[in-house]
Amino acid sequence: MAKLLDKIEIPHDRFEIRLSGSGGQGMIFGSVVLCEAVGQSGNKSVVQSQSYGPEARGGASKADVVISDSEIYYPKAMKLDLLLAMTQESLDKYFGDLKDHGVLIIDTSLVTDFPTDEYYGIEFTRLARNEIGSIVVANVMALGAICALTGLFTKEALTTAVLARAPKGTEDRNKKAIEIGFDEAMKIKKK
Amino acid sequence: MAKLLDKIEIPHDRFEIRLSGSGGQGMIFGSVVLCEAVGQSGNKSVVQSQSYGPEARGGASKADVVISDSEIYYPKAMKLDLLLAMTQESLDKYFGDLKDHGVLIIDTSLVTDFPTDEYYGIEFTRLARNEIGSIVVANVMALGAICALTGLFTKEALTTAVLARAPKGTEDRNKKAIEIGFDEAMKIKKK
Amino acid sequence: MSDSNQASQQQDTTPKKKNKYDFSETNKPLNINLSWCKACNICIAMCPQQIFEPDRDGRPIQTRPEDCTQCTICWVHCPDFCITSTVK
Amino acid sequence: MSDSNQASQQQDTTPKKKNKYDFSETNKPLNINLSWCKACNICIAMCPQQIFEPDRDGRPIQTRPEDCTQCTICWVHCPDFCITSTVK
Amino acid sequence: MATAEKQKSDVMLDYLIPQKKFPSVWCPGCGNGIVMGAFIRAVDKLEYDRNDIAMVSGIGCTSRMPVYLDFNSLHTMHGRALAFATGVKFAQPKMKVVVITGDGDALAIGGNHFIHACRRNIDITCILINNHTYGMTGGQGSPTTPSDAISTTTPFGNVEKHFDPCDLAKSAGASYVARGTVYHYPQLEKIITAALEHKGFSLVEVISNCHTYYGRLNKKGDAPAMLDMFKDLSVTKAKAKNMEQEELENKFVIGKMHEDNVKTEFCDEYKKIIDKQKG
Amino acid sequence: MATAEKQKSDVMLDYLIPQKKFPSVWCPGCGNGIVMGAFIRAVDKLEYDRNDIAMVSGIGCTSRMPVYLDFNSLHTMHGRALAFATGVKFAQPKMKVVVITGDGDALAIGGNHFIHACRRNIDITCILINNHTYGMTGGQGSPTTPSDAISTTTPFGNVEKHFDPCDLAKSAGASYVARGTVYHYPQLEKIITAALEHKGFSLVEVISNCHTYYGRLNKKGDAPAMLDMFKDLSVTKAKAKNMEQEELENKFVIGKMHEDNVKTEFCDEYKKIIDKQKG
Amino acid sequence: MANKKKKLLQGNGACVEGAIYSGMTFYAGYPITPSTEIAEGCARLLPKMGGRFIQMEDEIASIAAIIGASVTGRKALTGTSGPGYSLMQESIGYAYMTETPIVIINVQRGGPSTGLPTKVGQADTMQARWGTHGDYNAIAIAPSTVGECLTETIRAFNLAERFRTPVTVLLDEVMGHMREIIEVPEKGDHEVFNRVKPTASHEEFEAFEMTENLVSPMASYGDGYRYNVTGLTHDTRGFSTNRTDESIQKLDKLFYKIENYKDEIFKSRVELVEDADVVFISYGTVSRAALQAMQIARKAGAKVGSIQLYTIWPFDYDMIKKATANCKTVVVAEMNMGQICHEVKKVLDPSKKLETVQRYDGEIITPMELLEKLEEVL
Amino acid sequence: MANKKKKLLQGNGACVEGAIYSGMTFYAGYPITPSTEIAEGCARLLPKMGGRFIQMEDEIASIAAIIGASVTGRKALTGTSGPGYSLMQESIGYAYMTETPIVIINVQRGGPSTGLPTKVGQADTMQARWGTHGDYNAIAIAPSTVGECLTETIRAFNLAERFRTPVTVLLDEVMGHMREIIEVPEKGDHEVFNRVKPTASHEEFEAFEMTENLVSPMASYGDGYRYNVTGLTHDTRGFSTNRTDESIQKLDKLFYKIENYKDEIFKSRVELVEDADVVFISYGTVSRAALQAMQIARKAGAKVGSIQLYTIWPFDYDMIKKATANCKTVVVAEMNMGQICHEVKKVLDPSKKLETVQRYDGEIITPMELLEKLEEVL
Ligand SMILES: Cc1ncc(C[n+]2csc(CCOP(=O)(O)OP(=O)(O)O)c2C)c(N)n1
Ligand SMILES: Cc1ncc(C[n+]2csc(CCOP(=O)(O)OP(=O)(O)O)c2C)c(N)n1
Ligand code: SF4
Ligand code: SF4
Ligand code: SF4
Ligand code: SF4
Ligand code: SF4
Ligand code: SF4
Ligand SMILES: [Mg+2]
Ligand SMILES: [Mg+2]
């Protein structure tokens, strides 16, 4: 019974997300918030995992989230359904893990080389700096975009989840970031 | 092939000795000296072992010596060829390990109950106190007796071995103890 | 082991001579549990009144009981708790 | 990494104004290995002459080189050994 | 009994475990028994409920002590008594926790737990019997073996320096520190009593005799001779103040070395956190 | 170079291992780098042969230092650096053995080796970078974390007391003890130099910044702010003499704390035994 | 969050919740990656419920402290990783000998030695059985999801208290740091076993009584049962002994109190082995890859089954024998150079092929690697 | 004594002589019964030959010190017993990882925990293989006579230096304290292996070079090869790495440098197995009882053979398989509750009966017990 490998396919009920960027960009935070948003929006299973160690202190950073309606066996991503790349380095490193026609979201303010034409480009960092005055919320803005592009969770759930974890005093900034991210994504999604 | 146990016998080339007494009587020292005396007197294998631990600090004390012309397998006594018992307690405890017609040497100054008539009784402690003025040499005196009764080693070898290990200044006492032990044993041996 | 325990009643004797306690020869100042005694010689050496002498095995005998001042030295220094006072 | 290494020769200039060293604008008092710099801000904060200003990424730029007294403070406190003196 | 002025002589027997075989395994004349007596008489005077006393020890001749006594006794591993005791005390602060330990147990393998128990100022009384050697294993050098002394592992004389356990405890943070000897009995009982009454970490170092090994190897004589030696070599804290460092070289300074009744105690402080977080 | 009066600025580069990737793994502004600079400049001035320098460390951010330097470097296990170093030094006394360690490494898990190395007065220089926390594992409390300070394991404030490492070292037997900070550079290099030149066990405690954890959790600001704080909180030994205990509570007394040039050194003393026994 | 009964937790955090659910009120530990979040969680949560957290000076002190706490009647926990677990070995032996219930969570990283501190491994499996000197019988269990981190920690405490013995929970770095949304159990959802206390009078009380099930009721210090606890071989009263009969009795007690009740301890998840040609055997995180691979392979028409061990020690040889009876090939997958595969070998019918998939580079075994192995053996 | 070349020595003393014969000049240790005479012997003898003895503050410090000494080029030794061996486990892992040759003599007593400090046991056998965390390959050997204490200690040093790895010599209390008259070897009587030193230049030097036999030449501190030693997983230059390929390479090196040269390490004494119905398998002191029982049984007409293991780890499965090929029953005799018998089981043909004689009461197995077992199985 050879050629097993030719016949296999990854179960359709898994949705695999990777948030990737540099150490300071809050990818872990983003993934945790994403899990909580998904958790609120129904009865899905969610697993989050992250690269740990030296990488967590500066350098590249990634966090994986797997979402499913049924029991999640393997907890890490096998073939990504969605990749968020906030830097060129992370895009280069992880693009190969994205499945054909998977959702690719790129921070086009920091990336210049694109391995494909099939992506959603939003200038998260530039928008965060210019519209909100702080690049720290670029990650939350990206979550707004993911919300719009996938419908995995509602904007309300996302807002609740973000506000529950974000420091006091940053509520407005975060809310605004979600809105911008969501709206920018809706624009390009419609196209 | 049942009844193996009925057919077995302990190899004849083993000679098993146990020196037993109380903690302060120098049985370990005696056994070490005995080994060295045997070692000098030819090409025999010798193994010494002793009870260790709390017993070594007061209480009963024993040391076993196995002597053979060939390789000694089992290092402890299986069935004693010779038992030296310096106290009643040690006699009671170990007499059962002595083989039929094995050599039994008893310090008759300290023992009152005898499990058999077949023994060599010498008042080592009394002789040591009265003739030498120190009961400490009773063990060496017993070695003199063992020398005479077994011929496992020469009196000269014994003397050399004792003097090599005994503290300076005790040479004469020890020599005298060997002589007395040897002579007393010769007396009863002849009987 | 029984020789270690409870002995005579306390006697409100008035001091006689240099000693406020009175010990007749049958009423020794101390109970000594010889079955626990290891003949370490401490009590014998430390008693300021030199009450003790060693027996053949080195254990204390009260040879001069009448001089005991109940100073406690022997019993607090006995490492094997052999000595108790007969004075309550 | 090459920007960290050996630069101008030592020049036996006599002190001018308050500073005994003379740094023309092209001849900065310090070599700064920006590829090792982590933008910790220590040199910038500690320089008594306030020679530095941070660039966009927080790394030091020598904006007032002429005032450097070669006091050593910046280079001994740089935790990443980025700063070396051009004065030999 | 706590009111009786006179030293009761038979109080000991009440605290020995009936199931245990007496006399102890200790050598004739071993100072451990004297310290045990002082400890018991102190406990008895203080009228502690023995159900609430946990006596914790490590491994060594000294550490055998709890086994003979009618308390909650925890005979642990070599060097670890204070770590176990910290668990007992912190888990059940109502207990009176007493650690009995040797110089090897407390200061060699157990040195780290020693300084950390001091640092935390946890309410444990530690009685350290310093006989300047490892008695149980047969007379090896210990962290308190004097320089040049002979032991089975320093056959040519000890080249190491020794700790001053009291000094070490004080600088590590202990809030009561005292030293006694097995010769100076009334004082010994007094400082043990004071240590037990002290709130916080208390150390009583007791200079004791292992004539069997340390004494024999260094020609210090038998038990009575060693006790005599302790008498000769001891100097009270008060006297020592006026003596030169050199004069004090081989002396034992005895008495209370340090007391701090202001320092807060570990379990108390933690209790405050619980109260705040729970409430 | 040792003769050049002026501080050379590029001497460091000569001692960094070419094979290693720079900059270091340390956080931006971590004081470890400053101490490393002071150490290297001291070594360079003293003109030691680097083949004869063994640099030994445990585990922690601090303990990564040897890995960057061109010596014989031994990056050991958490807490054990001084025990390894003792082996290295005693086995090969011609080597200059330097231990670089953190407050957790030296004083928590490694506390016992610390006091015993002090006690033996073995000729090792120990540079202890005290950043008041476990940097590498993310900001837990350490034996030098001040009372009431926040760490990830003391989220409601630290209820424990902290060691004074210098005091502890001194009472354990170290013969040279000094304290510096990463702010006070020239002095830092000076005491490291003196420690290296000292025969016997020398300790240099360096107050340093872990702004990433200790600083952040306790709102002490970034690296420059913490260095500034060290300036404000430091008091020289001389000044401290005239200050009350309370005034000194949260201060860092800096300078040489203790020096004893008479005390014999462990390897030297053992050498005498060898000479006697061999001869 | 909306649904009150759910929580997003890391594996390490779930262990803390499980322990607290079990009634754990005492934690002593020393930080070490990747277990530190267990300590940090206890530091935060315990005082809120009157429990106590202490960071000790090292791992040896930590386990000593929890043994001390357990003797006073508390359920006590420590968490660590390889280097700390190695340091604890002497004390673990003391807990065996004194029959003191404690739970140790070992969040495994890459070894040996300092190894790969931030990466994953499963190479302390044999150590959990044989790490300390002397003879004893060990219990070690391994969860594979965050939810199981909670429930298996409860099980660990139940086993520790039921058998009066130390129990090791083997996590790994991935498991410890992974987050999942899990249900927070309410009182009554899970059984909690509390240690049996003595009813005898103080005079009659034997601390190490030979009961029918070989587990002696355990008195707490302060309860009025003054007794002796020692690491020396001891008799039923807790007094040290050198007697051969008593020594044998003690060691038999340690061994058979577990051996005789293995069935209470065993736990495994056996899936689709009846018709399987190939059966995976795995534990911990790897089991998730195995189940995944099985699911994928089944869809592709391959007959694959899976055995997941929740109880590692004592090892369930009979179950393995039974569950592999019909297959042709067994594939043991573990993140080490081969540990549990040797146990499987002891019992596997020689007619069957034993294959292994092993990783020891700090990364977890992927379903794809297992599928490749399937391709090879099918 | 008359014959200069003979000496009455304890097993512990013979180990000291063997170590010194091997060139050991550094001992660090902490006293523990029943190994203390090793330390005491070294304290006495080493300074006479310029060697160094240090009593450290504990066992952890002791093994750390000998690793430090070994790195400077000295052959270094420590001796201990169960509790100390457990404490050393973390550091033993460090020695594996850093490939530092050291020899540890574990004179086994009754365990677990403090157990029976003055009595005999063989229950640290599995620990010698699996005691520290992570993956590695272990060498452990066991003498059975005082003479072998000397020669096997030499072998231990040779293996340690040849394979750059820690080696454990497993004695037991009886062996350590027993005295026999043995020949004191002269120079040249036994081969002494000295570690291979590098010849490369400092620049080219790779401290953990992948050589053909996987053992890298070892530079001594002070030799001019300045290099980095770390317990982190590291590359061939000794720098820590997180890379999967380098991690695998390192662990494979640790494992296969021994695995591939097992034949150099194996040593056993196989007697009269060809025609034997029953074969004893044993090691250490017990082998002497087995040989005695075999001798007695043969005289009585029973066909009995004996396999004595001198090398315990790595375990010689092939030899066991071969040497038991003709027999009907195997009797594994050991002073524990069953450790090596499990290894035998892995390889024994299922058609043969596996029987055991086990003692764990602090006394040694006697020939009579073995003869009784023979009576039962013959
Ligand atoms: C881990 C460990 N190492 C070593 C020993 C052996 N050992 C038992 S007692 C002891 C020393 C005891 O010395 P000390 O604490 O001074 O007590 P003493 O016997 O002198 O009262 C040692 C080394 C042990 N039991 N456990
Ligand atoms: C046996 C062991 N326990 C715990 C750890 C985890 N650990 C690594 S570094 C460290 C603390 C480091 O603190 P410190 O020594 O102060 O160094 P810093 O990182 O602050 O420089 C700990 C607990 C370990 N590696 N090994
Ligand atoms: S009480 Fe005092 S006087 Fe009386 S016997 Fe004892 S020591 Fe002597
Ligand atoms: S002090 Fe006690 S043990 Fe010693 S001789 Fe006196 S009664 Fe006997
Ligand atoms: S040397 Fe002094 S003055 Fe010059 S830049 Fe540096 S800190 Fe400023
Ligand atoms: S001190 Fe060094 S690392 Fe920090 S900003 Fe200045 S140059 Fe950069
Ligand atoms: S060996 Fe020393 S410490 Fe131990 S009981 Fe004897 S005298 Fe006391
Ligand atoms: S965590 Fe703290 S100690 Fe570690 S490198 Fe960062 S600042 Fe330095
Ligand atoms: Mg002692
Ligand atoms: Mg620190």
Side-chain angles (χ1 to χ4, degrees), chain F residues 25 57-61 63-64 66-67 74-81 83-84 102-115 132-145 147 149-163 165 168 210 213-214 217, chain G residues 10 12-13 16 27-65 77-88 91 107 109-118 173 176-177:
Chain F
V25 290
S57 68
I59 300 287
C61 293
S63 295
R64 289 263 170 150
V67 178
L74 193 57
H75 180 236
T76 69
M77 307 182 313
H78 190 36
R80 314 301 170 192
F84 279 87
D103 45 318
D105 197 52
L107 301 171
I109 191 168
N112 206 25
H113 312 304
F114 182 77
I115 57 177
H132 306 99
T133 194
Y134 293 6
M136 172 138 278
T137 45
Q140 295 76 33
S142 96
T144 58
T145 303
S147 295
I150 306 295
S151 75
T152 62
T153 47
T154 59
F156 312 114
N158 185 19
V159 299
E160 303 196 9
K161 318 282 176 298
H162 61 89
F163 281 139
L168 191 64
C210 176
Y213 295 110
Y214 181 73
L217 289 168
Chain G
Q10 285 191 306
N12 284 341
V16 174
Y27 184 95
Y30 191 79
I32 184 167
T33 306
S35 77
T36 307
E37 294 82 5
I38 300 175
E40 291 171 341
C42 288
R44 227 167 30 240
L45 297 176
L46 281 174
K48 297 192 201 302
M49 27 162 308
R52 280 143 198 277
F53 168 89
I54 186 169
Q55 181 177 320
M56 294 296 287
E57 51 271 24
D58 62 15
E59 287 86 353
I60 299 175
S62 300
I63 185 165
L77 174 70
T78 193
T80 191
S81 184
Y85 195 57
S86 289
L87 281 172
M88 289 180 183
S91 313
V107 188
R109 59 194 221 182
S113 193
T114 317
L116 297 165
T118 59
E173 185 277 327
H177 285 148

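This one's a predicted model, so the numbers in the text were calculated from it and none came from an experiment. Numbers restart at 1 for each chain; the letters A, B, ... are given by sequence-line order, proteins then strands.
When every heavy atom of G:Thr36 is checked against every heavy atom of F:Thr137, the shortest pair comes out as CG2-O, 4.3 Å. Between G:Tyr30 and F:Gly104, the shortest heavy-atom distance links the atoms OH-O, 3.9 Å.
Top candidate by heavy-atom pairs under 4.5 Å with chain F, chosen from G:Pro83, G:Ala39, G:Pro31, G:Gly41, is G:Pro31.
Here the CD1-CG distance, from F:Ile109 to G:Leu87, works out to 5.5 Å after rounding to the nearest 0.5 Å. Taken to the nearest 0.5 Å, the OG1 atom of F:Thr153 stands 11.0 Å off from the CZ atom of G:Arg44.
Under a 3.5 Å cut-off, the side chain of G:Gln55 and the backbone N or O of F:Gln140 do not form any donor-acceptor pair.
Residue F:Thr76 touches chain G through its backbone alone, counting heavy-atom pairs closer than 4.5 Å. Residue contact with chain G, scored on non-hydrogen atoms closer than 4.5 Å, involves the side chain of F:His78 exclusively.
Counting only heavy atoms from C-beta outward, the side chains of F:Glu160 and G:Ile54 approach each other to under 4.5 Å.
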